[in-house]
S.K.: 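I have a structure here, written as structure tokens, and I will follow up with some questions on it.
Order of the sequence lines sets the chain letters (A, B, ...), proteins ahead of strands, with each chain counted from 1. In this text, all values refer to a predicted model and were calculated from it rather than measured experimentally. For the numbers below, each heavy atom of this structure counts, side chains included, while hydrogens, waters and symmetry mates do not.
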Amino acid sequence: MRNAYSAAKLWFKPFVWLKPLATLSLLATLAACSGGADTEQNADTATTGALSINYIGPAPSSTDVQAFKNEFWVNVVSSSRCGGCHNEGGPASPSFARSDDVNLAYQAALQVVNLSQPDQSRVVTKVAGGHNCWTSSTSACADILTTWVRNWATASGNGGAGTQIQLVAPADKDVGATKTFPASAAGFSTTVYPLLTQYCAGCHTSAAATPQKPYFASADVNEAYSEAHSRINLDTPSLSRLVVRLGEESHNCWSNCANNAATMLAAINTFTGGIPVTQVDPTLVLSKALTMYDGTVASGGNRYETNTIARYFFKEGTGSIAFDTSGVEPATNLTLSGAVAWSGGWGLSVGAGGKAQAIGGAGNQKIGDRLKSSGEYTIEAWIAPANVAQEDANIVSYSGGDTSRNFTLGQHGYQYEAYARSDKTNANGETVLITRAADRDAQASLQHVVLTYDPVAGRKLYVNGNFTGDTDAQGGGSLSNWDDTFAFVLGNEISGTRQWTGLIKFVAIHDRALTLDQIQQNFAAGVGERYFLLFNVSALSGMAQSYVMFEVSQYDNYSYLFNKPTFISLDANAQPGNFQIKGMRIGMNGTEAKVGQAYIPLDVTVSNANYKAGTGQLLSNIGTVIALEKGPDADLFFLTFEQIGTHTRAYTDTTALSAATPIDKAPVSDVGYRMFEEIDATLSKITGVPRTNTTVKATYDLVKQQLPTVESMEGFLSAHQIGIAQLGSSYCSALVADPTLRAAFFPGFNFSNATLGTATERNLIINPLLAKTLSTGLSTQPVSAGVSAELNNLMDDLCPPGGSCAVSRTPIVVKAACTAVMASGVTTIQ
Amino acid sequence: MAADSATGMLRSEFKAGVSKLSHAVLSAVVVTVLAGSWQSPAHAITRDQAKRIHDRLTGTPPSDALLGQMAGLSALEAAKLAIDPTNAESKGFYSVTLKNFATPWTNRDQTVFAPLNDYTATVIGMVRDNVPFNTLLSADLLYTGNATGAPAFAATNNNHYQYLEDNDSDLRTTLVSQSQSALTGIPSAATAGVMTSRAAAQAFFIDGTNRAMFRFTMLNHLCHDMEQVQDTTRPPDRIRQDVSRSPGGDSRLFLNGCIGCHSGMDPMTQSFAYYDFDKTQGRLVYSAGAVQTKYRINIDNFKPGYVTPDDSWDNRWRAGPNRALGFSGSLPGTGTGAKTLGQELGNSNAFAQCQVEKAFKSVCFREPGNSSDRSKVSEIVASFKSSNYSMREVFAETAVYCMGD
């Protein structure tokens with residue numbers, strides 16, 4: 001049994017050419033080439049599951065009718081679907097779902113299908129428009145019907161013409177009125193600015209201890225105003241970054257985030273309330289305007305889906321069910337629970353506590369039955385992990401609990417991992433196959449991740465169309481021991497203990513191990529909702545029906561992706577001549593977007609030589625994301641130009657530069673400590689002991705990182721003093737131990753018989769210490785007499801009562817006296 | 001009781017002695033030290049002022065003879081004498097002060113405990129020889145030591161400089177100016193001062209995407225980390241494919257954060273497209289005309305992103321709020337390779353301001369903190385430029401400003 005949506009005949013090339021249509025002069029055709037696999041596989045409708053048909057009418061009169069019956073009719077004839085009305089007795093016509101004669105049903109169906117463009121079939125568009133969808137999602141019904149029509153076309157050989165996308169000239173719209181920032185900061189200074197300076201100046205000023213751009217809390221109101229432009233949305237104040245940051249992201253709220261956001265919003269409302277709505281800047285060189293949905297759908301048609309048994313586009317956008325649109329019955333629909341939200345541009349956003357799980361036996365059992373039957377499979381997903389820190393996080397799983405599963409695709413930090421149960425593994429599908437940590441295959445960005453399994457090689461992982469290179473040491477095996485009572489789940493384990501967070505934009509299960517070519521084909525097909533947007537510039541370029549065309553999609557909940565701007569005319573006979581396009585900007589809702597203007601540096605000459613009818617001239621192969629404001633159905637886009645043809649508009653840099661006076665810092669001590677190496681060098685210079693002295697160097701290397709590393713008095717710690725003392729002791733020890741050095745340092749002192757019992761002897765020690773550490777004639781150093789008295793006291797303490805030491809103890813006391821001076825503020829303070 | 005093995009002193013005796021004297025001395029000194037006013041230097045300075053100038057510049061106390069000599073001079077003359085390389089007591093300025101001034105710039109951890117290396121030696125040598133410091137990021141220059149017994153310079157290891165440090169070589173006298181290209185074998189046009197030194201390459205060209213070289217150069221030599229130059233309004237067309245435009249599925253992070261730095265950083269980091277640090281060889285490698293593979297990693301993060309074709313760069317921060325960095329009007333703001341980028345950065349006002357502020361912090365033990373400080377810094381910046389970017393001039397003038405009453 002195959003779901004015969006054969007990509008063999010739907011190979012779509014990422015370029016376009018025109019197919020002029022006589023009846024639709026404003027249509028151009030985006031056509032595709034044939035290619036791909038050589039063979040097609042027919043569907044085996046006998047095992048499609050839920051719909052059991054007992055047909056007793058005339059046999060199909062041709063192979064095409066047979067294809068119709070197998071791929072389309074069998075799926076719609078049920079009274080719970082189209083057959084309830086479009087049957088032989090009415091009440092609706094045409095009767096393409098009649099059950100008495102499949103040949104008559106075929107004739108009727110030809111009126112409502114478009115086999116060369118299945119998604120444009122009347123039967124599809126009717127349901128997409130809300131006509132009696134049998135699920136709660138019209139988009140799901142439309143996708144499923146499209147699949148059935150495509151399968152029919154493929155099986156009958158009519159799908160070979162390839163998918164054609166027709167560029168449709170949009171209805172011209174003018175750029176609407178909007179609010180723009182006044183030149184003066186006066187309004188801002190009395191509304192928003194006071195809040196910013198009161199609550200945000202701790203970081204968002206250039207004078208802050210840790211300055212954080214943008215400086216919208218600058219003491220200079222003009223700078224603050226300029227910096228705040230990109231954080232205030234004049235048309236929709238609630239979308240202002242200043243509000244969102246507080247309300248939704250809890251960024252440094254000063255009390256209650258919701259209240260703070262409301263306060264900020266009120267201030268911005270007051271500010272914007274004083275700004276009159278103005279027409280778009282009349283000096284701009286403008287294209288016509290359009291919304292994303294005014295464009296031509298650009299996605300779909302080129303995926304390899306011959307073996308797809310479950311597929312999720314996540315187009316629904318509302319409700320709690322994600323529909324399996326593979327068209328293979330029974331559908332394995334997913335029920336959303338916990339923190340799972342629909343994402344713009346098609347997708348599911350999975351947060352903590354969220355999952356999407358198939359409820360009910362039939363849908364889950366389908367997966368087990370199909371894959372056990374084929375003995376091989378592929379799990380395909382487009383995902384964007386929320387982070388690369390989550391571990392043991394299940395993305396796609398078919399399992400019964402924490403320790404039992406048929407398969408699981410998961411994330412482990414920067415790695416993807418795969419569990420696959422077979423007769424060679426335990427019930428948990430171990431050992432796990434995990435990508436090499438160093439490769440960092442998992443990234444927190446949108447990725448196409450594929451797990452294939454075949455009975456010989458076992459598991460293989462592919463990321464963005466590339467094999468990760470990780471081989472399955474376990475190898476393959478039989479799936480005969482699979483448990484088809486397990487549940488299919490996304491974003492978690494069914495137990496809820498293997499949470500994965502991020503964005504899931506597409507998931508499919510195939511009952512074959514896809515080849516590398518097939519995987520790359522699906523990767524190249526992309527994902528999500530994409531449109532060709534045609535911005536009319538005919539009046540500017542002088543070329544008939546000319547447009548700057550962008551491929552646009554909703555990139556995520558917060559932005560659009562604008563990609564591959566191309567100059568193109570829908571008039572196949574028109575030629576551009578030779579003119580310049582320079583400094584192109586994307587506008588939205590009456591004003592140019594402030595962030596993401598990737599085409600400002602654009603400077604391209606459009607010429608006959610570079611222009612090709614049908615495909616136009618690519619202006620840039622760069623894409624950019626632009627922040628979403630009101631949503632894809634309301635955001636009105638347009639383009640502006642510094643130059644297009646003879647139309648020019650000069651742009652000047654008007655950014656205000658800071659004139660704010662920095663805030664004075666608190667006074668600090670005017671003196672400080674010597675740092676580690678300065679202390680070492682100072683002690684060496686005073687004692688004459690080289691820094692390279694073995695003992696000294698060993699001590700220095702030992703205590704180096706314990707010594708002060710900043711001069712600040714406020715940063716001085718007791719640990720620093722201990723380190724200094726150790727180093728001072730080491731230098732003094734080396735000094736006293738070296739007869740030459742000590743003789744030079746303490747001239748006249750006889751270490752052989754001195755007992756330090758007399759003032760004379762002591763002065764021979766104390767006076768050189770004072771002379772070499774205290775400079776002459778300084779007022780900002782310790783008083784010499786005071787230091788001398790302290791040293792005498794020290795010697796008294798260290799020698800026995802009476803003041804005389806044993807001769808053998810004398811060097812020790814000298815070292816102590818020396819260290820007391822060397823390791824003191826006398827030498828370490830500067 | 002335990003005794004210190006080196007001195008034979010009892011620990012209790014030792015501690016008692018140090019504690020007593022330290023307390024007494026600290027009390028005597030600290031009471032006089034709170035900042036608040038600074039006096040304009042007179043023609044002849046006091047011995048206290050001379051002492052402080054010397055201490056701050058060299059990290060070591062002067063001999064009585066030198067102190068007397070300095071006290072007889074004007075403040076600026078005294079400061080210049082303290083760091084005059086012909087003055088033997090200036091060793092500390094080169095071997096200690098400047099070394100520790102530059103060492104944190106040479107590693108990612110910004111630790112001052114990193115060993116002497118070709119980066120720090122070159123900074124020291126350039127200051128000593130009054131080489132115009134605005135060529136720090138672009139010159140075909142490297143300093144080596146001529147100390148007897150030192151292993152020869154090698155592009156593949158740091159042994160040469162480690163020897164100089166281990167043997168307390170007098171960097172005042174041993175450093176010798178050399179052609180970097182001759183020493184390392186990379187083309188002269190590919191040399192970019194300390195950015196292409198081995199130490200910088202090992203720290204900032206290793207692995208990654210080479211953006212670290214730009215970020216740390218901005219941080220160390222323009223005194224601006226990326227948060228301070230964030231400008232989301234610049235065109236993002238040169239941001240490479242590896243930067244996710246929707247990290248974790250939330251493009252607000254990109255549009256309000258990432259883009260602010262990458263839109264300016266990536267077009268300039270392109271200048272490093274031919275450089276890498278080869279960990280096997282332990283050296284900087286330069287692949288003329290061939291973009292390093294590290295510029296094309298994670299290309300699927302954003303397929304419509306920029307694909308680096310060569311080492312041409314553009315300074316997008318010449319417009320917008322970052323033009324406050326003061327890039328030179330006599331330079332084009334665009335070019336190819338690291339050398340011209342080094343010239344672009346080295347001739348900016350922010351570069352000059354940064355060097356002065358760093359010297360101020362080193363000598364005055366604080367950042368410029370009031371209008372008087374800021375005014376002085378501006379004066380010294382002007383003086384720095386007019387003296388053909390002499391860092392000795394900067395240190396001397398700063399020491400005079402902070403020499404105390």
S.K.: Counting heavy-atom pairs closer than 4.5 Å to chain B, which one of A:Glu227, A:Arg440, A:Lys697, A:Arg241 comes out on top?
M.R.: A:Arg241
S.K.: Check whether A:Ser779 gets within reach of chain B through its side chain, its backbone, both or neither, counting any heavy atom under 4.5 Å.
M.R.: both
S.K.: If you measure from the Lys or Arg side-chain nitrogens to the Asp or Glu carboxylate oxygens, is any gap between A:Asp670 and B:Arg52 under 4.0 Å?
M.R.: yes
S.K.: Against chain A, work out which of B:Lys303, B:Arg252, B:Lys361 has the most heavy-atom pairs shorter than 4.5 Å and name it.
M.R.: B:Arg252
S.K.: Contact part of B:Leu67 toward chain A, heavy-atom cut-off under 4.5 Å: side chain, backbone, both or neither?
M.R.: side chain
S.K.: Less than 4.0 Å between a side-chain N and a carboxylate O, is that true for A:Arg674 and A:Glu711?
M.R.: no
S.K.: Determine the option with the most heavy-atom pairs under 4.5 angstrom with chain A, choosing from B:Met226, B:Gln228, B:Lys99.
M.R.: B:Gln228
S.K.: Against chain A, label B:Ser263 side chain, backbone, both or neither, depending on which of its atoms sit under 4.5 Å from a heavy atom there.
M.R.: neither
S.K.: Got a salt bridge between B:Asp266 and B:Arg316, using NZ or NE/NH1/NH2 to carboxylate O under 4.0 Å?
M.R.: no
S.K.: Salt bridge between B:Asp48 and B:Lys51, side-chain N to carboxylate O under 4.0 Å?
M.R.: no
S.K.: For chain B, which candidate among A:Asp664, A:Leu602, A:Asp680, A:Thr709 shows the most heavy-atom pairs at distances under 4.5 Å?
M.R.: A:Asp664
S.K.: Select one option (side chain, backbone, both, neither) describing which atoms of B:Asp314 are under 4.5 Å from chain A's heavy atoms.
M.R.: neither
S.K.: I need the residue from B:Glu227, B:Arg323, B:Arg234 with the largest number of non-hydrogen atom pairs under 4.5 Å to chain A.
M.R.: B:Arg323
S.K.: Hey, what do you get for NE2 (B:His54) to CD (A:Gln830), rounding to the nearest 0.5 Å?
M.R.: 11.5 Å
S.K.: At a 4.5 Å cut-off on heavy atoms, which part of A:Gln597 comes close to chain B: side chain, backbone, both, or neither?
M.R.: backbone
S.K.: Quick one: pull up OG in B:Ser90 and CZ in B:Arg172 and give me the separation to the nearest 0.5 Å.
M.R.: 5.0 Å
S.K.: Quick check with a 6.0 Å cut-off and a 45 degree axis cone: is B:Arg56 positioned over the face of B:Phe365's six-membered ring?
M.R.: yes
S.K.: Are the aromatic ring centres of A:Tyr555 and A:Tyr560 under 6.0 angstrom apart?
M.R.: no
S.K.: Output the option from A:Ala666, A:Gly502, A:Gly596 having the highest count of non-hydrogen pairs under 4.5 Å with chain B.
M.R.: A:Gly596
S.K.: For A:Thr776, is there any backbone N or O sitting under 3.5 Å from a side-chain donor or acceptor partner on B:Arg47?
M.R.: yes
S.K.: A:Val595, A:Leu503, A:Val463: which one forms the most heavy-atom pairs within less than 4.5 Å of chain B?
M.R.: A:Val595
S.K.: Using non-hydrogen atoms only, which part of A:Tyr599 is less than 4.5 Å away from chain B: side chain, backbone, both, or neither?
M.R.: neither
S.K.: Return the option, out of A:Ile600, A:Val625, A:Leu446, A:Asp701, with the maximum number of heavy-atom pairs under 4.5 Å with chain B.
M.R.: A:Val625
S.K.: Go through the atoms of A:Arg245 and report whether side chain, backbone, both or neither lie under 4.5 Å from a heavy atom of chain B.
M.R.: neither
S.K.: Could you tell me which of B:Pro62, B:Pro236, B:Ser244 has the largest number of non-hydrogen atom pairs under 4.5 Å with chain A?
M.R.: B:Pro236
S.K.: Against chain A, label B:Thr46 side chain, backbone, both or neither, depending on which of its atoms sit under 4.5 Å from a heavy atom there.
M.R.: neither
S.K.: Are A:Asp556 and A:Ser559 close enough, and set up right, to give a side chain to side chain donor-acceptor pair (under 3.5 Å), and what steps lead you there?
M.R.: CA-CA 6 Å; A:Asp556 57 22; A:Ser559 69; 3.3 Å; yes
S.K.: Side chain, backbone, both or neither: which part of B:Asp168 has a heavy atom under 4.5 Å from chain A?
M.R.: both
S.K.: Under 4.5 Å from any heavy atom of chain B, what part of A:Leu561 do you find: side chain, backbone, both or neither?
M.R.: side chain
S.K.: For A:Pro690, is it the side chain, the backbone, both, or neither that has a heavy atom closer than 4.5 Å to a heavy atom of chain B?
M.R.: neither
S.K.: Count the heavy-atom pairs under 4.5 Å between each of B:Gly249, B:Gly92, B:Ser95, B:Gly305 and chain A, then report the option with the highest count.
M.R.: B:Gly249
S.K.: Has B:Arg238 got a side-chain atom pairing as donor or acceptor with B:Thr308's backbone, closer than 3.5 angstrom?
M.R.: no
S.K.: Side chain, backbone, both or neither: which part of A:Ile626 has a heavy atom under 4.5 Å from chain B?
M.R.: backbone
S.K.: Heavy-atom pairs under 4.5 Å with chain A: which of B:Thr97, B:Asp166, B:Ile259 has the most?
M.R.: B:Asp166
S.K.: Which atoms of A:Lys704 are under 4.5 Å from chain B, going by heavy atoms: the side chain, the backbone, both sets, or neither?
M.R.: both
S.K.: Would you mind checking if B:Arg366 and B:Asp373 are paired as a salt bridge, meaning a charged N to carboxylate O distance below 4.0 Å?
M.R.: yes
S.K.: Do any N or O atoms from the side chain of A:Thr682 and from the backbone of B:Gly59 form a donor-acceptor pair under 3.5 angstrom?
M.R.: yes
S.K.: I need the residue from A:Ala627, A:Pro601, A:Ala681, A:Gly672 with the largest number of non-hydrogen atom pairs under 4.5 Å to chain B.
M.R.: A:Pro601
S.K.: Taking all non-hydrogen atoms of both residues into account, name the closest pair between A:Leu794 and A:Ala816 and its distance.
M.R.: CD2-O, 3.8 Å
S.K.: Give me the atom names and distance for the closest heavy-atom approach of B:Phe254 to B:Val243.
M.R.: CE1-CG1, 4.0 Å
S.K.: Tell me, for A:Asn621 versus chain B, whether the close heavy atoms (under 4.5 Å) come from the side chain, the backbone, both or neither.
M.R.: backbone
S.K.: What part of B:Thr111 lies closer than 4.5 angstrom to a heavy atom of chain A: side chain, backbone, both or neither?
M.R.: neither
S.K.: Tell me, for A:Glu551 versus chain B, whether the close heavy atoms (under 4.5 Å) come from the side chain, the backbone, both or neither.
M.R.: neither
S.K.: Quick one: what part of A:Val736 sits under 4.5 Å from any heavy atom of chain B, side chain, backbone, both or neither?
M.R.: neither
S.K.: Need one label for B:Asn100: side chain, backbone, both or neither, based on atoms under 4.5 Å from any heavy atom in chain A.
M.R.: side chain
S.K.: Using a strict 4.0 Å threshold on nitrogen-to-oxygen distance, state whether B:Arg374 and B:Glu357 make a salt bridge.
M.R.: no
